[in-house]
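Let me begin by presenting the structure, written as structure tokens, before commenting on it.
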Amino acid sequence: MSRAIVDAGSAIPPVLPQGLETPCLVIDLDVVERNGRRLQGELDARGVRLRPHTKTHKSVAIARLQLELGAEGLTVGTLGEAEVMAAAGLSDLFIAYPVWAVDAKAARLRALHERSDLAVGIDSVEGAEHLARAVLGTRPLAVLIEVDSGGHRTGVGGPQAVADLARRARDLGLNVEGVFTHGGHSYAAPDAHLQAAVDETTSLGEAADGLRSVGIEPRTISAGSTPTAVEAATDQVNEIRAGTYILGDRQQVILHGSPADGVAAYVAATVVSTSVPGHVVLDAGAKTLTKDRASFLEGYGAIPAYPDAVIERLNDYHGIVRIPSGSPAPRLGEVVAVVPNHICPVVDLFDSFVATKGPEIVGRWPVDARGRSG
Ligand SMILES: Cc1ncc(COP(=O)(O)O)c(C=O)c1O
């Protein structure tokens, strides 16, 4: 594996503020804003709406910023995330997930539907039946049919399946608003994004025709992953739901989802042991960095100030970093910035983050939807 690929996410060492209590999550709002403007500008130029996925930051304040920059509504992954955003007055919400609305979840979905402008993903008749039952007696609930564009996770395959599900959903009293897909196979390899974007737009174009074949003109045709966010913004789609673009992370730089200056979030960690030769140990382990590691990455995060260092093992509270012989190593007690491999699950491990503008701390902001995984 070449160092260029391994370390692409660590190109620009950040200047960390002094006096941080580690481990902590640091988010540079200047970079957040630059990332937000960059994608919003790209999509505005193509006449495609942005509905950012809030699972990345789980922060009401960052969601507000995205809306101020021009986003039209928010995407969420769970009822819990939707509840947090709606409670803060951000109520144009799409749950891009096949919510299984039974028992307590049915009651929560109904309550949310009554006080927000909600749409929900479906990929089965059974799921749609539960949704229809949950909102019975209220106004029609908007649904979008999920299409599998190659990620093979959720979503129906092909225009006929879309047409069949749309007909059934409409008969159940649901308002079929459109179709969506997540080209998750854009994460498979550094250059997978180009084909994944083509797959997203092709499947969505066919799916939209599937809706038209049963007399439904789709209002929303929605693609979305950060690596494909720009390439999928063609005239086959009218909405992009990228999420990770706003914070960036090590794998996004390699996957073409973020430029090298697009990493806004770091974990600050202290070197707590140098007893074992060839290693230093950080106070950031699996409960801070997660064990998320794509096959094309070496180690569990990058340390931009020490590009040769490899975070090769994690225990709950220990990050064991190999320092190749002859390479510089951080000293005992030094605080280093770590770029996580995948920022979304890392954010969810913190109650709050240190908000900075460059090296200056401007506040401590809550991770409002932390732990709201259902
Ligand atoms: C359904 C759906 N839409 C949008 C996104 C956002 O994609 P990304 O994290 O690549 O920005 C995701 C991410 O998992 C997703 O599952």
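Quick note: residue numbers are just sequence positions, from 1. Atoms within a ligand are numbered from 1 in the order they appear, just like the ligands themselves. Owing to the predicted nature of the structure, the values given are computational and were not obtained by experimental measurement.
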Distance, nearest 0.5 Å, that separates CG of Leu25 from CH2 of Trp365: 12.5 Å

For atom 13 (C) of ligand 1, what's the nearest protein heavy-atom neighbour? Residue, atom name and distance, please. Lys55 CE, 3.1 Å

for atom 3 (N) of ligand 1, nearest protein heavy atom and its distance come out as Arg241 NH2, 2.9 Å

List ligand 1 atoms under 4.0 Å from Gly243, heavy atoms only on the residue side. 6 (C), 8 (P), 11 (O)

With a cutoff of 4.0 Å, is Tyr97 in contact with ligand 1, counting heavy atoms of the residue only? no

Within ligand 1, which atoms have a heavy atom of Ala242 less than 4.0 Å away? 11 (O)

So if I apply the side chain to side chain contact (heavy atoms under 4.5 Å, CB included) rule between Pro330 and each of Val321, Val271, Thr270, which one comes out positive? Val271

The protein heavy atom nearest to atom 9 (O) of ligand 1 is Thr244 OG1, 2.7 Å

Any idea which part of His182 is under 4.0 Å from ligand 1, heavy-atom wise: side chain, backbone, both or neither? side chain

Within-4.5 Å side-chain heavy-atom neighbours: Asp261 and Val31: no

When you compare ligand 1 with Thr226, is there at least one nitrogen or oxygen pair between them that comes in under 3.5 angstrom? yes

Between Glu33 and Arg37, is there a salt bridge with N-O shorter than 4.0 Å? yes

Ignoring angles and geometry beyond distance, decide whether Arg153 reaches within less than 3.5 Å of ligand 1 through its nitrogen or oxygen atoms. yes

Is Thr56 close to ligand 1, meaning an N/O of one under 3.5 Å from an N/O of the other? no

State whether the side chain of Asn175 and the backbone N or O of Ala142 hold a donor-acceptor pair below 3.5 Å, judged by distance alone. no

Parallel, tilted or perpendicular: which describes the rings of Tyr187 and His182, with under 30° parallel and over 60° perpendicular? tilted

In terms of atom number and element, which parts of ligand 1 are under 4.0 angstrom from non-hydrogen atoms of Ala96? 1 (C)

Any N/O of Ser225 closer than 3.5 Å to an N/O of ligand 1? no

Looking only at distance, does Tyr245 have an N or O less than 3.5 Å from an N or O of ligand 1? no

Should Asp209 and Arg212 count as an ion pair when the cut-off is N to O under 4.0 Å? yes

Co-members of Val335 in a cluster of I, L, V, M, F, W and Y side chains, linked at under 4.5 Å: Leu16, Leu20, Val26, Val354, Ile361

Arg51, portion touching ligand 1 at heavy-atom distance under 4.0 Å: neither

Nearest 0.5 angstrom please: Phe353 CZ to Ile62 CD1, how far? 4.0 Å

Would you mind listing which atoms of ligand 1 come within a distance below 4.0 Å of any non-hydrogen atom of Tyr187? 8 (P), 9 (O), 10 (O)

Short N-O contact, Glu360 and Lys357, less than 4.0 angstrom: no

What protein heavy atom sits nearest atom 5 (C) of ligand 1, and how far off is it? His53 CD2, 3.5 Å

